[in-house]
Amino acid sequence: MTTAKQTVAITGASGMVGTALGSMLRHAGHKSLSITRKASSSDCIVWDPAAGLKDPSQLENVDAIVHLAGENIAGGRWTTALKDRIRRSRVEGTRSLVKSIAAVQQRPKTLVCASAIGYYGERGETILDEDAAAGVGFLADVCRDWEQEADAASELGLRVVTVRIGVVLSPKGGALAKMLLPFKLGAGGIIGSGKQYWSWIGLHDLVRIIAFCVENESVNGPVNGVSPNPMTNYDFTKGVGRALHRPTIFPLPAFVAKLVLGEMANDLLLSSTRVIPKKLQDHGFQFDYPELVGCLEHELS
């Protein structure tokens, strides 16, 4: 692992993960730049996700890029238009970023690109590490194509890491933020059968994982950004209830979830994806909060 201080440029820097990551990198002594649509300070690099960077030469002194930008997959019912935006924001956005990198002579050494465990699709109880094949379905297709666009940067001489992110736990956004109110009102409960596996990660450990991938030059390719303890939805629900000291007695039947959320319910709530972070563990990464209740208590404190 390199101990040298780096300049790291982040797309999606104003989002939940990007904000936390920028703060962590700066605390560790690195310089953090934002790749953004509009410049608001000297630490901004302007880009259009469809067209690339306005001035690619601004990457000349950047050591690593962390690519987090993309349409929110849980932002609403998956209409044809929203699915198109989800796909284009990831696949075409990554393609335009790599084209901008190609236009630079003194290129960054590393590209860490977000992906998602949706890559694996519905897999039941099968334990999945980074060598598992891609699944089928909308998210699996998007993730596969997204990673292929990022991998193109390796042909330009960059070390490429794609972090397949699980269910991110933080009260600041994502799945947990949406769960908090019903759970606090005592209306939380299992979803569908409750037997489907959810692979999760606390925001604190997720940004540590991304920073680890930036700093550790021996890490390449896909990395599962999840806790080592995937849980069934039943156990996950009970864990949230324990952390909040609330009952979990109001289930959400599968047919209701599908009626309300459509295709999104299948891929995000009812699909079973049992993922383990084998590559991180092989490289010696230590989780601060590997257990659900401890993670929730930290994130909610």
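Surrounding CZ of F183 are more than 12 heavy atoms belonging to other residues, nucleotides or ligands, all under 6.0 Å away. No more than 12 heavy atoms of other residues, nucleotides or ligands lie within 6.0 Å of NZ in K278, so this atom counts as exposed by the packing criterion. Residue D129 qualifies as enclosed at atom CG: its count of foreign heavy atoms under 6.0 Å is above 12. Around atom CZ of R77, more than 12 heavy atoms belonging to other residues, nucleotides or ligands sit under 6.0 Å away.
Using a 4.0 Å cut-off between charged side-chain N and carboxylate O, E217 and K109 make no salt bridge. Salt bridge D141/R144: present, at least one basic N to carboxylate O contact under 4.0 Å.
Annotation: the span from S272 atom OG to E122 atom CD amounts to 5.5 Å, rounded to 0.5 Å.
When all heavy atoms are compared, the tightest approach of P230 to R274 is CG-CG, 3.9 Å. Nearest approach of E299 to G202, heavy atoms of both residues: OE2-C, 3.6 Å. In plain terms, the two heavy atoms of S227 and P290 that are nearest each other are OG-O, 2.9 Å. Residue P108 comes nearest to I65 through the heavy atom pair CG-CD1, 3.9 Å, listed as atom of the first residue, atom of the second, then distance. In terms of heavy-atom proximity, S100 sits nearest to P56 at O-CB, 3.6 Å. Counting all heavy atoms, side chain and backbone alike, L300 lies closest to P171 at CD2-CB, 4.0 Å.
Linking ILVMFWY residues whenever their side-chain heavy atoms come closer than 4.5 Å, directly or via other members, leaves I209 and V226 in distinct clusters. Note: the hydrophobic cluster containing V112 also contains L21 (ILVMFWY, side chain heavy atoms under 4.5 Å, direct or indirect links).
Counting heavy atoms from C-beta outward, F285 and V219 have side chains that stay 4.5 Å or more apart. Between T126 and Y120, the closest side-chain pair of non-hydrogen atoms is not below 4.5 Å. The side-chain heavy atoms of L280 and N224, taken from C-beta on, include no pair separated by under 4.5 Å. Between S218 and H283, the closest side-chain pair of non-hydrogen atoms falls below 4.5 Å. Using a 4.5 Å heavy-atom cutoff, the side chains of I210 and L68 are in contact. Counting heavy atoms from C-beta outward, I190 and F236 have side chains that stay 4.5 Å or more apart. V214 places none of its side-chain heavy atoms less than 4.5 Å from the side chain of D63. Contact of the F138 side chain with the I86 side chain is registered, since non-hydrogen atoms from C-beta on lie closer than 4.5 Å.
Inspection of the H204 and D288 side chains reveals an N or O donor paired with an N or O acceptor under 3.5 Å.
Using bins of under 30°, 30° to 60° and over 60° for the plane-to-plane angle, the ring pair H67/W47 lands in the perpendicular bin.
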List the steps, then state whether side chain to side chain contact (heavy atoms under 4.5 Å, CB included) holds for M24 with H27.
CA-CA 5 Å; M24 176 173 285; H27 183 74; 5.6 Å; no
Worked check of salt bridge (charged side-chain N to carboxylate O under 4.0 Å, His left out) between D205 and R208:
CA-CA 5 Å; D205 272 334; R208 291 183 60 245; 2.8 Å; yes
Take E149 and L97 through the side chain to side chain contact (heavy atoms under 4.5 Å, CB included) test and state the conclusion after the steps.
CA-CA 9 Å; E149 295 295 341; L97 179 62; over 6 Å; no
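Just one of R85, R88, R87, R90 meets the salt bridge (Lys or Arg N to Asp or Glu O under 4.0 Å) condition when paired with E71; it is R85.
Evaluation of the side chain to side chain donor-acceptor pair (under 3.5 Å) rule for T110 yields R159 as partners, not counting sequence neighbours.
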